[in-house]
Amino acid sequence: MKKPTRRQAEVALSLPTGVLTEASHMELCGNRRAMIEGCRGIVKYDEDVIELRVDNGTVRFTGRELCMTNLNPTCAVVTGRLLSLEFL
Amino acid sequence: MYWATVQIECEGGFPERFLNEARKREIALWDITRRDISLFCRCRADDYRFLRPVAKAASVRMRVRKRQGMWFHIRPFRYRFGWVCGMVLFAVVLQLLSARIWTVRVNGNEQVPESAIREVLRPLGVYEGAVFDKVDLPQLQLTALEQLPQLVWLTVNQTGSVAYVEVRERTPSEPITSNEPANIVASRDGVIVSIDCENGQAAVKVGDAVTEGSLLIGGVVDSKVGPLLKHAQGTVLARTERELAISVPFEETVTAEKPFPKVRPSLYVLGVRFPLYTSGEPWRNATTTMHLLRAYGKTLPIGIEVQKREEQETVTVVRNEQETYEEAVARLALARSEWGDTIQVQEERITATQTADGWTVCGQYTCVEPIGLWQSLQMHEKKE
């Protein structure tokens, strides 16, 4: 019998996503601030583009005057005028 | 806010690698911005040295752009021990003195002297330098009012470092006129000028000559039911004769105060006195003057207390004739002024006589003055 995956267990038990699986948690405050928990690294850092490596891939923030106001092993905070958010 | 932070600029190389490596080494970075080829970020000053191998690994050139924090402000003073000690001393003194009473102010007293109130409050814990929190106010009020019967109310309020002592004095009641039967008799010889009889029976009239002890207003009043005993009251003015004689010798030995009194200053800080003199104990019978510092209208508990003791010496004074005469006249006028305002001098005759030793000045005065004096009636029961 095939072993159920963690994701299937989450669905079966009606648990919130990320309890059993590894998933980054992102929080947006309008288009001005984004907090990313579970940031695994920085792929690209530029004035208009910031790409962060997360658990499920890469997330790209596009905008103007972007600034990373906080960076520590578990969390990153991106501020500025965010124009788009893409999962790559 | 960190104790010390630095803003660093990273140029060239791989900035992303620099950030990732710093994150792996758990070096906190913030306010990371990219401008052209430069990357600016902030970190703690003590983490900067850990960033050097990171920068080397990422091939970036790292430079400090700005230093911020208290450490960089006080660092230039690290070898100025006096400045540091002064700051520490200031903090300690401020901490110690803020909870203490700097000044005691007494309000509302007119009859009771402030010094008496302060003396009573001192053992109860209200004095310069005391900690106000230790004062038991209800007990203080009970004890102070018991020791100061002239007061009906007392309280102590603290505003900042000033203890305001508010008091209310007892209103004196009207003097009760004695109802004891009494006569008014003459206290000296004279001729009656006016008589104002308020109670009792006048025994003299204007123009009568009286001697000392003569009855002026009687306390026994005749009536239809027999004699009534009263407390005689009234004002009797009489023309009297007074005489003063002053003799002043040419050479006289007098006791005078030394021109320069001895002075002992002490430094006064919060009720504690530090002597600024080297020998001897503090004088007990000396005039004490306090000179306290004032700032913005507030009296500070710091100042100089000066004890002054005036010493006397025996001096032989030699005067010529004119000086002796003037001294005698001056002393006569001084003796005359001691009579007070109730005695009105209508006529005065001054005669001066020079003797071998000095001058004698005599003054004869015709005065108008009240001569009434109460004398209790002596009651004797008649034994049959």
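This one's a predicted model, so the numbers in the text were calculated from it and none came from an experiment. In what follows, every chain begins at residue 1, and chains take the letters A, B, ... in the order their sequences are listed.
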**Student:** Is the number of heavy atoms from other residues, nucleotides or ligands under 6.0 Å of B/M290 CE greater than 12?
**Tutor:** yes
**Student:** Test of understanding: with salt bridge (Lys or Arg N to Asp or Glu O under 4.0 Å), list the residues that count as partners of B/R67, not counting sequence neighbours.
**Tutor:**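 Per chain and number, B/R67 pairs via salt bridge (Lys or Arg N to Asp or Glu O under 4.0 Å) with no residue.
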**Student:** Using non-hydrogen atoms and a 4.5 Å limit, figure out which bit of A/V78 sits close to chain B: side chain, backbone, both or neither.
**Tutor:**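 No part of it gets close to chain B.
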**Student:** Listing needed: what donor-acceptor pairs below 3.5 Å join chain B with chain A?
**Tutor:**
| residue | atom | partner | partner atom | Å |
| --- | --- | --- | --- | --- |
| B/E16 | OE2 | A/Y45 | N | 2.7 |
| B/N20 | OD1 | A/I42 | N | 2.4 |
| B/N20 | ND2 | A/I42 | O | 2.7 |
| B/R23 | NH1 | A/C39 | O | 3.1 |
| B/R23 | NH1 | A/P73 | O | 3.0 |
| B/R23 | NH2 | A/R40 | O | 2.4 |
| B/L29 | N | A/L71 | O | 3.3 |
| B/L29 | O | A/L71 | N | 2.9 |
| B/D31 | N | A/M68 | O | 3.3 |
| B/D31 | N | A/T69 | O | 3.3 |
| B/I32 | N | A/M68 | O | 2.7 |
| B/I32 | O | A/Y45 | OH | 2.3 |
| B/I32 | O | A/M68 | N | 2.8 |
| B/R34 | NH1 | A/Y45 | O | 2.5 |

**Student:** What's the separation between atom CD1 in A/I50 and atom CD1 in B/I32, rounded to the nearest 0.5 Å?
**Tutor:** 8.5 Å
**Student:** Please list, chain by chain and in numerical order, all residues satisfying ring pair (Phe, Tyr, Trp, His ring centres under 6.0 Å) with B/W153, sequence neighbours excluded.
**Tutor:**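 Here no residue qualifies.
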**Student:** Got a second to check how far B/F14's CZ is from A/I42's CD1, nearest 0.5 Å?
**Tutor:** 15.5 Å
**Student:** So what's closer than 4.5 Å to chain A heavy atoms on B/L39: side chain, backbone, both or neither?
**Tutor:** side chain
**Student:** Answer yes or no: are there more than 12 heavy-atom neighbours, outside B/R273 itself, under 6.0 Å from its atom CZ?
**Tutor:**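 Yes.
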**Student:** Please list all pairs meeting salt bridge (Lys or Arg N to Asp or Glu O under 4.0 Å) that have one or both residues in residues 81-100 of chain B, counting only residues at least two apart or in different chains.
**Tutor:** none
